[in-house]
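Read the structure below first, then the notes.
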Amino acid sequence: MAAQVNSVVGTHVWVEDPGVAWIDGEIVEADGEEIEINCTSGKMVVAKASNVYQKDPEFPQCGVDDMTRLAYLHEPGVLHNLQCRYDINEIYTYTGNILIAVNPFRRLPHLYDNHMMGQYKGASFGELSPHPFAIADSAYRLMINEGISQSILVSGESGAGKTESTKMLMQYLAYMGGRAVAEGRSVEQKVLESNPVLEAFGNAKTLRNNNSSRFGKFVEIQFDQSGRISGAAIKTYLLERSRVCQVSDPERNYHCFYMLCAAPEEDVGRYKLGNPRTFHYLNQSNCYELDGVDDSKEYLATRTAMDVVGISSNEQDAIFRVIAAILHLGNVEFAKGDETDSSEPKDDKSRFHLKTAAELFMCDEKFLEDSMCKRVITTRDESITKCLDPNAAAVNRDALAKIVYSRLFDWLVNKLNSSIGQDPNSKNLIGVLDIYGFESFKTNSFEQFCINLTNEKLQQHFNQHVFKMEQEEYTKEEIDWSYIEFIDNQDVLDLIEKKPGGIIALLDEACMFPRSTHETFAQKLYQTFKDHKRFSKPKLSQTDFAISHYAGEVTYQTEFFLDKNKDYVVAEHQALLGASKCSFVSGLFPPLPEESSKSSKFSSIGSRFKQQLQALLETLNATEPHYVRCVKPNNLLKPGIFENSNVLQQLRMWGRFSILAPDVLNGCSDEITACKRLLEKVNLKGYQIGKTKVFLRAGQMAELDAYRTVVLGRSARIIQIKVRSYFGRKKFILLRLSAIQIQAICRAQVARHQYDYMRKGAAGVKIQKHCRMYLARNAYRSLCSSAVYVQTGMRGMSARIELKFRKLRRAAIVIQSHCRRYLARIQFTRIKKAAITTQCAWRVKVACRELRKLKMAAKETGALQEAKSKLEKQVEELTWRLQLEKRMRADIEEAKTQENAKLQSSLQEIQLQFEETKALLIQERKAAKTVVEQVPIVQEVPVIDNEIVSKLTAENDHLKALVNSLENKIDETEKRYEETNKLSEERLEEKLSDMETEDQILRQQSLLNSPATKMSEPKPLENGHHEPQNAAPAKMFGTEADNRLRRSQIERQHESVDALIKCVAQDLGFSEGKPVAAFTIYKCLFHWRSFEAEKTSVFDRLIQLIGSAIEEPDNNDRMAYWLSNTSMLLIMLQRSLKTVPKKPPTPTSFFGRMAQGFRSSSSNLSFNALDVVRQVEAKYPALLFKQQLTAYVEKIYGIIRDNLKKDLMPLLSSCIQAPRASRASVLKSAGRSNNNTPQADSWQKIIDILNRHLNTLKENYIPSVLVQRIFTQVFSYINVQLFNSLLLRRECCTFSNGEYVKSGLAELELWCGEAKEEYAGSSWDELKHVRQAVGFLVIHQKSRISYDEITNDLCPVLGVQQLYRICTLYCDENYNTRSVSPDVISSMKLLMTDDKNDNESNSFLLDDNSSIPFSVDDISSSLKGSFTDVKHPAELLEDPAFQFLQE
């Protein structure tokens, strides 16, 4: 740290101070080695020159973000830089590629949100302000680009913020490597949520930290080939088990105990817990609560985190059951038993806690008591049970509690690792090491010994890595160098861990002998290491020993070394808990292997810890390390306090010279040559010049600064000569001016006397004049007032007479007007009735004539083939047709009834004939029988009348056939009746469904065939109804000719729609500044009456066309063309459609939902601009089409806007920082800007891009309101990007850079003026943040500006945090101008302190707004011009079906 001090009077230096470590002052007297210094505190100090260090007089007020840039890199300089940055809330500082983090002891959420992570994503290291995100991003980029695993080592003493820094690193790595998952939790979520779980069970309050990690942690985050997190593993080291049973005041036990006591009443009652003051393991300290921490909320948060990492609810209950059992176990006290040296529970309270612990462990209460009060000694022949006295029983109880908690913590770590999972195929990983820092207390035991061993190992790793990097830097710069010998601590490591003679080996050896004590162990150490330079024996102790570590000497007490080094489980404890009925508890104590049970029960914690450290170092050596050193600014754990001595103790544990030779730079453009000539000019020896850096030996920076001070002093004397000459000449000129003024005064006095005499004479004349004028004025006023009074009375009387006459005449006029209006109304009503009657008769006649013509044209030419069913059937016509069908159905039913009656009557007649014939036959048979009976018996003679028999047989068969035929006819009639009913119903339904289409086609044909059809359209009457048309043709709809006509009309309509879609899919261009496609679509839809249709597919076809046309979002010309067409079509729909009273159904489609909230506020707008637009009552399909069209307008607008932002994005990073020219060229040009570099052309490229996009929008006739909104949002985006870059990058907050950005903003202002307000709108106003910030940067005398002037005049838009950020980041290397005064900085800090709880005020960055900033009414109001001269595409005009376009 030693450096040559320039012992010149007036030199600023640092000198040691017992109160604040180092204090600055000014040399007032130098006498050889003795230097007298006037300190800034006011006292005079005399010190040796070797103990004084030079101070940089031009040190920035807010410090530097990389301490390698310090002019004097010594202890006071580093300390002062950290303090300056801490005072302005800059808690992070670089030292090369090492990050130093000073704990602010307050929440700074704006530094760690997603927006901040997005800023550091992909940024070069050192480009932005120091931050843990930059370290994590650097590690991630190196892993991705070079395929080398990385590690980040977070170190520092307890309370320095290691745990929080580790969280930030893991948060950023999860942000970079996170992936979305469909089910369950992602790996990165589980990794992040493992932190609160481990903190609950492994962290506690200590003297130095409210949330101290009492274990070491190394998290390996594994990545796949694409850079996504694929697995993770957590390794822990040396949990402090003794804290479970022993807590010092005012520390606390582990957090989980207090969380469980503050759990919901249900859980507290289940575990029989209460106030933590009632438990022995917790009430050894008077600290039970932490400031700002609610243990009940932390308990619920821990349970939630357990759910995330995959710990089931049953396992969680078992975990907290074990925690509760440990608390109850600690309350079991022992007293002497009946037998000698025996013990038993002291009282009923102890037995209650013993019983509760047994219930929670799910083991036998008696066995639990015996395991603590007795010890079984196993010999070769037998087992001997030995009773323990109360003290030994208490020690045994504590041993049980410690081993249970240790096993529980190990189970949690294993569970987290198994839940997160490891990727066996992962080749790259990033490890984050959060491990304890160097510790040195009044009492240092085995834990501090292991912790300091860890830090010795890590310090060796750090030394090797840092000096290796330095040597690589020398090789890279190609300078001459020899191997650097650096201080190594290998001798300390050999002292501790070397086999067989190291301290750990001797400790293990002592633990293996039953009779060994800490005294014998200490004596063994004294004998073995009496000659070791790093080992010493304190004079006043016979059991302590001291080791000289890299961070200082630490004295260790050996009282508990042997007990804490033994890692064993009492056999009774193993058997008791291994037999627990709770599977979770028994799982913590699995049965030991047979070999292990037979072998020695002793195992060394020290040896195992040494092996873990060796494995950790092997992992770190296989990775590329990054370092984060955490510093605790004070021991009070409060914000805003920076204790120099405390910080200094932690630190000990771990171009500007161009004025020296301005002539050598003139005309030289090579920086290397310029540096070499400058160093030769000042006669400096022993330096080395590399490719990009100059390497100086120790003290040479002070030599340069001293020579610079001499040159500045010589220049100051020259300036004094010039200034004194200036003031002397100024005094002479002032004396000469005074003489001339005295002469002038004398002459003026003489002139005044003469003037006074003349003034008095003139005053007398003037007084006389005014007196005469006064008298004359009074006489005139009296006469005038009298005349006015008389005139007023005359005029008032005349006015009253005139008023009375006018009232009478007005009353007469009113009476006459009412009479005339009454007579005119009567006459008008009579004429109106006659006209309506005449019109109705004439329209009926014309409609009949036109209908006949339409039928003839349909049969002859088939002109209706291209029409399609699109028009809506009016409600009155549909009702009339339904009644007609009902009458037809009634006629059919009546005809069927009559036919059935006829058939039934015929059947009855036939049946009557059959009955009569049958009756006659019976009578004949009876008559024949009677005759036979009356004839006398005679001899039978065979007589056969074959003819009669045949006749009767044939007649009988005929009658039977007739009866059968009648029955068949009856059955057929019934079947035919049923079929007729069914067919009539089906036909009726078909006719009802087709009536709408048929009527619309007929109307369409009437419009297509003749211009005169306008007269035949059903025009609305005065009462809002339509005139009925001729109903005679409706009777013919059921005929075959009408069916053919209907089919041809539908086919023609389909062909017309296809032709329209095919035509507008092409680029039709513009006519009279209007999009042709939009007007053609609108006129076709209006002519086909698609807006009034209940069902239609033409809107879906158009939406599909628009969607397919914008599938190439990068084609700005295509996007602008369709934005022009869709917006124009939307305007015409807005002005044309009016909704019917019935509310349309809620839209369910994608575009319907997109435009659900985008409604027009007015439907009755002016129609002067669109003379062809007429209002119609829109049905639901038309309204849905309007919503979908609105959504496409918004989508295309967003695409064009985002394309423009995308083109500007790569240029904005170059626009925020002035182009870097060589040092010589800057000095030579002396303020002239270099416009030949690529960076200098960035502003011009932005202007070119804006002009190109503006021309594209103009060529496509985009509505001016949309153009304004696009450029307004783009300028807002430019404002956000430039302003945020100013706040995040220190090198941008300079005077010269402000001038560069200001010149670029002037170019943008000129562009807005050229584009005019019609297209630019309020774009220039959107740059207000960056304009005001840049305006502040280019002010010369900032130190004279008050806070009110800044906030009210210069930067009224900027917030306090934004102003504070700019003021603290500002620097000026060219003109050395200072920032604002310290009083202004203090005012800003006070205001920020008052608003620290306001989340919104914590974010000093701006957000980009990507909303849709317009409505349909805004677009509609900007439309001007007429559509009367718009030309339609010739392709459609040649089609006969589109002849209506020529109207």
Side-chain angles (χ1 to χ4, degrees), residues 864-873 993-994 996-1005 1007-1008 1046-1066 1068 1075-1110 1122 1125-1126 1128-1134 1136-1140 1144-1145 1147-1152 1155 1172-1193 1432-1433 1435-1437 1439-1445:
L864 301 178
Q865 291 182 357
E866 297 180 2
K868 184 178 181 182
S869 173
K870 287 296 179 180
L871 298 177
E872 178 187 6
K873 177 62 183 173
S993 62
D994 294 341
E996 180 183 357
T997 303
E998 294 167 0
D999 187 68
Q1000 292 173 354
I1001 292 172
L1002 288 177
R1003 293 189 181 186
Q1004 181 67 27
Q1005 181 60 27
L1007 293 172
L1008 290 172
R1046 191 159 54 249
R1047 286 194 298 271
S1048 64
Q1049 291 170 344
I1050 294 173
E1051 292 174 357
R1052 287 176 178 237
Q1053 194 73 354
H1054 277 295
E1055 293 178 1
S1056 298
V1057 173
D1058 292 340
L1060 174 64
I1061 297 298
K1062 180 179 179 182
C1063 179
V1064 298
Q1066 306 171 6
L1068 300 182
V1076 176
F1079 181 62
T1080 303
I1081 293 172
Y1082 172 78
K1083 197 164 185 181
C1084 291
L1085 295 177
F1086 187 85
H1087 182 78
W1088 295 337
R1089 297 200 175 186
S1090 300
F1091 302 131
E1092 304 171 66
E1094 290 285 359
K1095 294 185 293 185
T1096 179
S1097 63
V1098 66
F1099 296 134
D1100 294 336
R1101 296 281 301 278
L1102 290 173
I1103 290 299
Q1104 293 175 1
L1105 170 64
I1106 298 173
S1108 61
I1110 62 173
W1122 278 105
N1125 280 277
T1126 52
M1128 186 58 63
L1129 183 57
L1130 180 60
I1131 292 172
M1132 291 188 286
L1133 293 180
Q1134 169 72 7
S1136 178
L1137 303 184
K1138 61 178 180 179
T1139 57
V1140 294
T1148 59
S1149 66
F1150 168 73
F1151 293 102
V1172 298
V1173 175
R1174 288 181 290 175
Q1175 284 196 332
V1176 295
E1177 290 187 355
K1179 300 298 182 181
Y1180 173 66
L1183 296 177
L1184 178 60
F1185 174 66
K1186 179 184 173 184
Q1187 293 175 357
Q1188 294 172 336
L1189 194 62
T1190 302
Y1192 266 116
V1193 172
H1432 295 284
E1435 178 182 349
L1436 294 181
L1437 294 177
D1439 194 332
F1442 291 90
Q1443 293 301 315
F1444 58 87
L1445 295 177

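Note that the structure is predicted; figures quoted are calculated from it, not measured.
To the nearest 0.5 Å, the span separating CD1 on Ile1106 from OH on Tyr1192 amounts to 7.0 Å. Leu1436 CG to Lys1062 NZ: the interatomic distance, rounded to the nearest 0.5 Å, is 11.0 Å. Expressed to the nearest 0.5 Å, how far CG of Leu1102 lies from OG of Ser1097 amounts to 9.5 Å. Put simply, CG on Leu1137 and NZ on Lys1179 are 12.0 Å apart, with the number rounded to the nearest 0.5 Å. Atom CG of Leu1105 sits about 10.5 Å away from atom CD1 of Ile1110, to the nearest 0.5 Å. If you take CD on Gln1188 and CD1 on Ile1103, they are separated by 4.5 Å, rounding to the nearest 0.5 Å.
Heavy-atom minimum distance, Ser1090 versus Val1098: OG-CG1, 3.9 Å. In this structure, Pro1181 and Thr1096 approach most closely via the heavy-atom pair CB-CG2, 4.1 Å. Shown here for Asp1439 and Ala1059, the closest heavy-atom pair between the two residues is OD2-CB, 4.4 Å. The two atoms that bring Glu1092 and Glu1177 nearest to each other are CG-O, 3.8 Å, heavy atoms only. Between Met1132 and Ala1078, the shortest heavy-atom contact is CE-O, 3.5 Å. Across every non-hydrogen atom of Leu1068 and Cys1063, the tightest pair is CD2-O, 3.5 Å.
The side-chain hydrogen bond (donor to acceptor under 3.5 Å, both in side chains) test applied to Thr1080 returns His1432, not counting sequence neighbours.
Side-chain contact between Leu1085 and Phe1099: present, with at least one pair of heavy atoms (C-beta onward) separated by less than 4.5 Å. Two residues are said to be in side-chain contact when any heavy atoms from C-beta on lie closer than 4.5 Å; Tyr1082 and Ile1131 fail this criterion. Inter-residue side-chain proximity for Phe1079 and Leu1445 is flagged as unmet; no heavy-atom pair is nearer than 4.5 Å.
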**Q.** Step-by-step side chain to side chain contact (heavy atoms under 4.5 Å, CB included) determination, Cys1084 to Val1057
**A.** CA-CA 9 Å; Cys1084 291; Val1057 173; over 6 Å; no
Q: For side chain to side chain contact (heavy atoms under 4.5 Å, CB included), just list the numbers for Phe1444 and Trp1088, CA-CA rounded to whole Å, side-chain angles, deciding distance to a tenth of an Å, and then say yes or no.
A: CA-CA 10 Å; Phe1444 58 87; Trp1088 295 337; 4.1 Å; yes
